[in-house]
Trainee: 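What follows is a single structure, and I will ask about it in a moment.
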Amino acid sequence: MLKISDGQHSKTTAAPRFVEVALPIPLRQTFTYSIPEEIRDVIKIGSRVLVPFGNRPLTGYAVAIHESLDEKLGLDLSAVKPVREVYDADPLLTKEIIMLAKWAADYYASSWGEMLKAALPAGINATIETTIRITEEGIAELKANPDKKTQKIAVLDFVKSNDDSTIKALKKQFTRATAQRIVAELLNLGFIEKIQKYLSTSVKPKKQKAAQLLKTDFAADELDSLTAAQQEVIDVLRNEIGTTLLSELIEKSGVSDSPIKTLKKLGYLEIVKVEVRRDPMHGKVVNAEEQHLLSEGQTSVLKEIRSSIAKRNYEAFLLHGVTGSGKTEVYIRAIRSVLNDDRTALMLVPEISLTPVFSKRLRGVFGDDVAILHSSLSSGERFDEWRRIRSGEASVVIGTRSAIFAPLRNLGLVIVDEEHDTSYRQHEMPFYNARDIAIVRANQANALIILGSATPALESFHNTQTGKYKYLSLPKRIGNRPMAKAELIDMREVFSGTGKDSILSPKLLEAVEETQKRGEQSIILLNRRGFSQFVLCRSCGESVRCVNCDITLTFHKRDQTLVCHYCNYRIKSPTICPACESEFIYFVGEGTEQIEDILKEKFPDIRLARVDRDSTRKRKQLENVLARFGNSELDMLVGTQMIAKGHDFHNVTLVGVVSVDNGLSMPDFRSAERTFQLLTQVAGRAGRGKLQGRVLIQTYHPDHYALQHAKDQSYEGFYKQEISYRERMHYPPFVALASILIKHPNYNYAYDNARIFRTSLDSANKNGNSIVLGPAPAPLPRLKGEHRLQIIIKSRNRKHLREMVDFGAKDADTRSCDMKIVYIEIDPVNLL
Ligand code: ADP
Ligand code: ZN
Ligand code: ZN
């Protein structure tokens, strides 16, 4: 870190230089600062810099450096402030990533600085902290008063011996009031100074103690005087090159640390601190891949991919491979080809639940060339992986969403597995879809991109029809294993037959029993979490709703609470209706806990685990359950969406889907597509081994086309029907979509601002090129105490849509629209 004394750039004689800084604030512009002479040569494009903004310092990103300000005519030079500090002489961001973030910010109508912040690993964007340092005068004062025991001297002494003491540390040492008073006094006297320091405590390289021999050649009898333990230590060290971690040394030599200490005293070795890598896999790696003989389908797909790799040009492929068709094997070989070509590869995977499986496999194949990036890494692990990528040590990256910004150089291949997955979408500012950025990144790098899925997003499949993507398919499972047989169970018939609202139909229960008897495994999927969807009063018909969000609370049986799954509001579950005080309240719907209870009661011997966000808050817990299921230590998994995707368990022959219907009734134009994808994915978990799989889907809407096509496992059938609906109703991919969400605790305030925005949009849409809808209450009209209004823009012309949004935002701002409560989302994935 470099500290700038007090950048009075006007006093310097050399030609002033300036830097454009992108700041992580929701303003879509960059800011110009002057560069003090001391850091002229240090600051580079991509450096993080501390700059004054308003009355606070902000960390921003240097995106351009100018010799002079010719290109910024009209800028008032005297108002240009100097950069305060620069954090990296060796920038964390590459130019490629800076430009990619620029593209993304423009495309998604968000700020460049916010996008750059999202591009860097979390934890590195740490905060600024004020620290205190002793001055020359302070040191002189200390020297002049060696024996004086005043508090002032004590504080000075503390500051001197503790580099960069924080005010907090001082308060701890000297009590709050004293610290405050004396610090003020010492500052006044000029004995100490305040420094704003970038706080990187959480992301420093990790160091550990290691031993190193000071001498390697020993005379024949030189070691005879040493004890056996000491000789053992020296033996181990002589076999190592360089340093050996103390922990390793103790393990290998089988001694305690006392002989090591003695050897140090005797001058045989020294103890040094060395940097150690925080490995997200903790060194656990599965055995290197056994080489499969490629199937015919895999062979021909790979042939196309390899010939494209050889061309070193941008090309996009949609790899549509049914579940169990061996897509992973294709990815691995494609990565290998790119590495052999001295280029790098980036693979995106959807969720944490998938990363351990994939990353272990990739680690097994590519070893330390692989870096792993996902949100449940510690910031230390993430920081280390990131630096390995930046330095070129890692040439393959596997990661979730934000890994699309990994600073790989010389990129040859991007893979987006399960490209239809909604977890590629960032649901907070800055909104972006990593799959779509991936296309642009590959294009800019002249790289190949493979989007893989068993159920491609409608937009992606459509792109193969228009020729934007090349279509590759793996229509058959490995070994020509049959797809699982799917059946729909009409729950209306079950109801009229039994007269009861059963949760598990007799047919499904029977199938569970048979599967259990055969010693095979089953998966039961429920499309939601919690015990029961909601609590309903039979007298007044009211359900219990969240006070902040106006959505029904979910009943959790284990702790007898009602919980809001949006804002986490919880109450004890009531025994009388909060609305009419009737006692006749009851629980409607069903949840994973309830199904777990029913199954345990019916089949006491079944070894069952529940997998949902409640039961698997911790990554380890989830990994553990999946591993036990994989080892056949469990017979059954009951769970939500988490168990539907990606996993490759060979002994699963039954998949039961308990409730899909609520997914169909979501107020979202993609609800049919989501349901179809979920059913196809979960059906793909069955029959992956030698045994035929069976899928039973319970529904009250057996005639719905999403269910019919899912039953027939016909993607094409579903696509045809869905695409004509999208065209008829003006939905993507036939139009570009933007949603403007206006949120505020006061409804009228939100509404008034929404009206202003709508007016601005209308004036940008005089020719009627786009359709503007709203403001209307959003599908979730109240959330976390805020009212939510939505304006939707649809346009056949994306450029026009973007211009409208930009013009609308500017115009609304001049009409005093409160832009702080306006959230613009381009290509929204969920209309919530
Ligand atoms: P997908 O991702 O398409 O659902 P996977 O890549 O998980 O499919 O492959 C399914 C299974 O087939 C895995 O167990 C994998 O190891 C195995 N497999 C893949 N390719 C081959 C092959 N050529 N020969 C034999 N087994 C294969
Ligand atoms: Zn709530
Ligand atoms: Zn009531």
Side-chain angles (χ1 to χ4, degrees), residues 285-306 317-337 345 347-351 353-366 398 415-421 450-457 460-461 471-484 486 520-521 523 626-627 629-632 641-653 655 677-693 695 710 713 715:
V285 173
V286 291
N287 291 334
E289 192 78 353
E290 75 270 30
Q291 281 285 327
H292 289 304
L293 205 58
L294 290 184
S295 72
E296 224 172 278
Q298 286 170 323
T299 309
S300 73
V301 161
L302 263 169
K303 201 172 146 218
E304 285 239 28
I305 290 173
R306 285 192 176 130
F317 288 106
L318 177 69
L319 175 57
H320 181 191
V322 299
T323 52
S325 57
K327 293 187 286 295
T328 315
E329 190 70 30
V330 171
Y331 301 146
I332 289 175
R333 306 234 183 174
I335 293 172
R336 171 73 69 213
S337 298
M347 174 161 173
L348 296 185
V349 292
E351 255 164 36
S353 58
L354 289 177
T355 22
V357 183
F358 269 125
S359 32
K360 271 182 204 148
R361 258 179 100 175
L362 283 196
R363 228 349 148 56
V365 181
F366 300 109
I398 175 167
I415 294 168
V416 184
D417 190 34
E418 311 287 357
E419 60 89 32
H420 64 278
D421 199 283
I450 305 172
L451 306 174
S453 176
T455 50
S460 301
F461 194 84
Y471 184 69
L472 297 174
S473 83
L474 291 171
K476 289 199 186 118
R477 280 189 162 176
I478 288 294
N480 282 331
R481 264 165 226 150
M483 301 299 291
E520 293 158 16
Q521 291 175 303
I523 289 178
L626 294 177
F629 192 64
N631 295 335
S632 294
Q641 275 86 329
M642 277 180 159
I643 55 176
K645 313 173 210 174
H647 311 296
D648 186 29
F649 301 118
H650 284 201
N651 200 28
V652 174
T653 53
V655 166
Q677 284 166 346
L678 179 66
L679 289 176
T680 309
Q681 290 291 339
V682 71
R685 298 316 112 213
R688 294 174 75 88
K690 295 196 176 64
L691 305 160
Q692 166 80 43
V695 184
Q713 313 216 3
Y715 179 85

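All ligand and atom numbering here is 1-based and tracks the order in the structure.
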Trainee: List ligand 1 atoms under 4.0 Å from T323, heavy atoms only on the residue side.
Mentor: 4 (O)
Trainee: Ignoring angles and geometry beyond distance, decide whether R481 reaches within less than 3.5 Å of ligand 1 through its nitrogen or oxygen atoms.
Mentor: no
Trainee: Could you pull out, from S453, G479, G326, the option with a heavy atom nearest to atom 8 (O) of ligand 1?
Mentor: G326
Trainee: With atom 17 (C) of ligand 1 as the reference point, say which of R361, R685, H292 has the nearest heavy atom.
Mentor: H292
Trainee: Under the 3.5 angstrom rule, does the side chain of Q677 hit a backbone N or O of H420 as a donor-acceptor pair?
Mentor: no
Trainee: Could a heavy atom of V322 be found less than 4.0 Å from some atom of ligand 1?
Mentor: yes
Trainee: So if I count the atoms of ligand 1 from 1 in the order they appear, which ones are less than 4.0 Å from some heavy atom of H650?
Mentor: 14 (O)
Trainee: Can you tell me if S295 contacts ligand 1 (heavy atom of the residue under 4.0 Å from the ligand)?
Mentor: yes
Trainee: Which atoms of ligand 1 sit under 4.0 Å from any heavy atom of L293?
Mentor: 22 (C), 23 (N), 24 (N)
Trainee: May I ask whether R477 places a heavy atom under 4.0 Å from ligand 1?
Mentor: no
Trainee: Under 3.5 Å between some N or O of ligand 1 and some N or O of G321?
Mentor: no
Trainee: Measure from the side-chain N and O atoms of Q713 to the backbone N and O of A484, and report whether any donor-acceptor pair falls under 3.5 Å.
Mentor: yes
Trainee: If you define the side chain from C-beta out and look only at heavy atoms, does anything of N651 sit under 4.5 Å from L691?
Mentor: yes
